[in-house]
**Student:** 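Got a structure here, written out as structure tokens. Questions coming.
Whatever order the structure lists ligands and atoms in, that order sets their numbers, starting from 1. Numbers for residues simply follow the sequence, beginning at 1.
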Amino acid sequence: TIPLQHGAHRIGNRTDADMQRWRDLRFGQFIHWGVYAIPGGMWDGKVYNGAAEWIRSWKEMPHEAYDQLYKQFNPVKYNPADWAQQAKNMGAKYMIITTKHHDGFCLWPSKYAKYTIANTPYKKDILGPMVEAYNKAGIDAYLYFSIIDWNHPDWRTSIKSPADSMAMARFKVFVKNQLKELLDRYPTVKGFWFDGTWDESWKNDGAFSDELEQYLQQLHPGLIIGSRLRADEKGARHFDSNSRLMGDYEQGWERKLPNTIADVHGNDWEGVMTVPENQWGYHQQWFGHVKSANELIEMLVKSASLNGNFVLNFGPKPDGTFRTEEQELMRNIGRWMQVNGSAVYGTGYAGLEKPDWGYYTRKTGTDTVYMVVCNVPVNGNLRVKLPAKQSIAKAWALEQPGVALQPELVSRDEYFIPVEQKVYTSPLVIVMKLEQQQRGQGNFEKAKT
Ligand SMILES: C[C@@H]1N[C@@H](c2nc3ccccc3[nH]2)[C@H](O)[C@@H]1O
């Protein structure tokens, strides 16, 4: 291995209670909200085809025009208790809020910047009431923080001169000050979700990202910080130059998910997902494919089945309300989670071969395995292949705990569980209790040939 000063400091996953809590939560709500909600992906009658929160970088959007918009930010309908209730109904157990996106606008009255909510018509702190309302609803709060800050005069994408070095040195002090300020103001937050760390100025300063992570952990022990913050001293990100994960979980799964357990290399990980193809902030005209509740439920279950968390993104409107499509999604996902959430919360990889009909999740540390059926087989039977010497002690549909299903042993360690042929409007969940096989054969008699 290459000797590194600023590579991974830990081999393997965190085993403390804070991290186990994060794992058990499994389902989060991302919120991207800020000045970019005002144009909402449109300007001067034209539609921006990029991600709405990036509209300031669009050649059709003069920087001067964008940089005046904060003077109109006045979300008169903002009601964080209502947001928290909707998120709770959806079944989200944690929330990640953009404190400051790449444009540098701060949703809290930072004393280190002018480009903040304090200088808008709204004036009041957005974050405090949000963290409080979500925590009150039993939802943990995490803070998204962009290192890129297009508004700050000292931000540099690359260092090309001594003047750039001095500017960046000032910027790094500003970053440390703002992060400490956020921890002081919102002490119940459980972690940071860093973004905007791909530019050279940051990539080439692995020492600082390492020092910053340690500074934050020392300020607030137990914080959960993903792999997107750090670079090592050779510019490697997420995984150091010895291929070891830096940070507490792999944070590269943005709008994509792993497909097999091999893809996650034994690491904790989290996938973050947009409802449309690629919109995080509010866009007035969603175009392309908009994911359905069942698609998103499947992504959530797929993530848990591969030992990962799934965070679904919402982009509130400038008036402080969620668009109707997003409210509808929260209701529809929530209806399924109310009944089937136990197949997600506190679960992980089941250690079984991936079936065609859907996903297995295992209640962590137990013999309870959930079968989440997304593709009902035409032959009416769910094939269950178990590792050698394991058998199904009992099985039942989650919604009918009293009705024992009769798995048929079709070959060694392989069963058919019959599934009712009907119209399914959402994934079906079956619960299995596994056990080590008694001497001889499985619990269920081999079908008489
Ligand atoms: C979580 C997501 N990360 C930001 C982002 N900016 C990018 C620029 C290039 C490639 C990927 C990006 N993701 C998006 O604006 C959103 O905040």
**Student:** Hey, can you tell me if Trp280 and His32 have their rings parallel, tilted or perpendicular (30° and 60° cut-offs)?
**Tutor:**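 Ring orientation, 0 to 90° scale: tilted.
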**Student:** Which of these, His63, His102, His101, sits in a ring-ring contact (aromatic ring centres under 6.0 Å, His included) with Trp150?
**Tutor:**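 So the option named by the test is His102.
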**Student:** Against heavy atoms of Tyr144, which atoms of ligand 1 measure under 4.0 Å?
**Tutor:**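 Checking each atom against Tyr144, I get 17 (O).
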**Student:** What's the shortest distance from atom 13 (N) of ligand 1 to any protein heavy atom, and which residue and atom give it?
**Tutor:**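 So the nearest neighbour among protein heavy atoms is Glu254 OE2, 2.7 Å.
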**Student:** Quick test of your reading of the structure: of Asp195, Ile148, Asn278, whose heavy atom lies closest to atom 1 (C) of ligand 1?
**Tutor:**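 It is Asp195 whose heavy atom sits nearest to atom 1 (C) of ligand 1.
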**Student:** For atom 10 (C) of ligand 1, is there a protein heavy atom at a distance under 4.0 Å?
**Tutor:**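 So far as the 4.0 Å threshold goes, atom 10 (C) of ligand 1 is out of reach of every protein heavy atom.
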**Student:** Examine Arg14 relative to Trp22 and say whether NZ or CZ is less than 6.0 Å from the centre of the six-membered ring and inside a 45° cone about the ring axis.
**Tutor:**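 Relative to the ring axis of Trp22, which defines the angle, Arg14 lies outside at least one limit.
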**Student:** On the ring face of Tyr94, is Lys190 found with NZ or CZ under 6.0 Å from the centre and within 45° of the axis?
**Tutor:**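 Pair Lys190/Tyr94 does not count as cation-pi.
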**Student:** Regarding ligand 1, does Trp193 bring an N or O atom to under 3.5 Å of one of the ligand's N or O atoms?
**Tutor:**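 No; the residue has no nitrogen or oxygen that sits under 3.5 Å from a nitrogen or oxygen of the ligand.
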**Student:** Would you mind telling me which of Tyr115, Tyr36, Tyr122 makes a ring-ring contact (aromatic ring centres under 6.0 Å, His included) with Tyr70?
**Tutor:**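 Per the ring-ring contact (aromatic ring centres under 6.0 Å, His included) rule, the option paired with Tyr70 is Tyr115, out of Tyr115, Tyr36, Tyr122.
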**Student:** Starting from atom 8 (C) of ligand 1, which protein heavy atom do you reach first, and at what distance in Å?
**Tutor:**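 Protein heavy atom at minimum distance: Trp54 CZ2, 3.3 Å.
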**Student:** Is there a nitrogen or oxygen of Glu53 sitting under 3.5 Å from a nitrogen or oxygen of ligand 1?
**Tutor:**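 Between Glu53 and ligand 1 (N or O atoms, distance only) the closest approach is under 3.5 Å.
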**Student:** Within 45° of the ring axis of Tyr134 and under 6.0 Å from its six-membered ring centre, is that where the NZ or CZ of Lys136 lies?
**Tutor:**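 No, cation not above the ring by the 6.0 Å, 45° rule.
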**Student:** Should the ring pair Phe174 and Phe171 be called parallel, tilted or perpendicular, given that the plane angle runs from 0 to 90° and is split at 30 and 60?
**Tutor:**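 Tilted, since the angle between the ring planes falls between 30° and 60°.
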**Student:** Consider ligand 1: state whether an atom of it lies below 4.0 angstrom from any non-hydrogen atom of Val272.
**Tutor:**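 In this structure, Val272 fails to qualify as a contact of ligand 1 - no heavy atom is under 4.0 Å.
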**Student:** Quick check: does His32 get an N/O under 3.5 Å from an N/O on ligand 1?
**Tutor:**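 Yes, at least one N or O pair falls under 3.5 Å.
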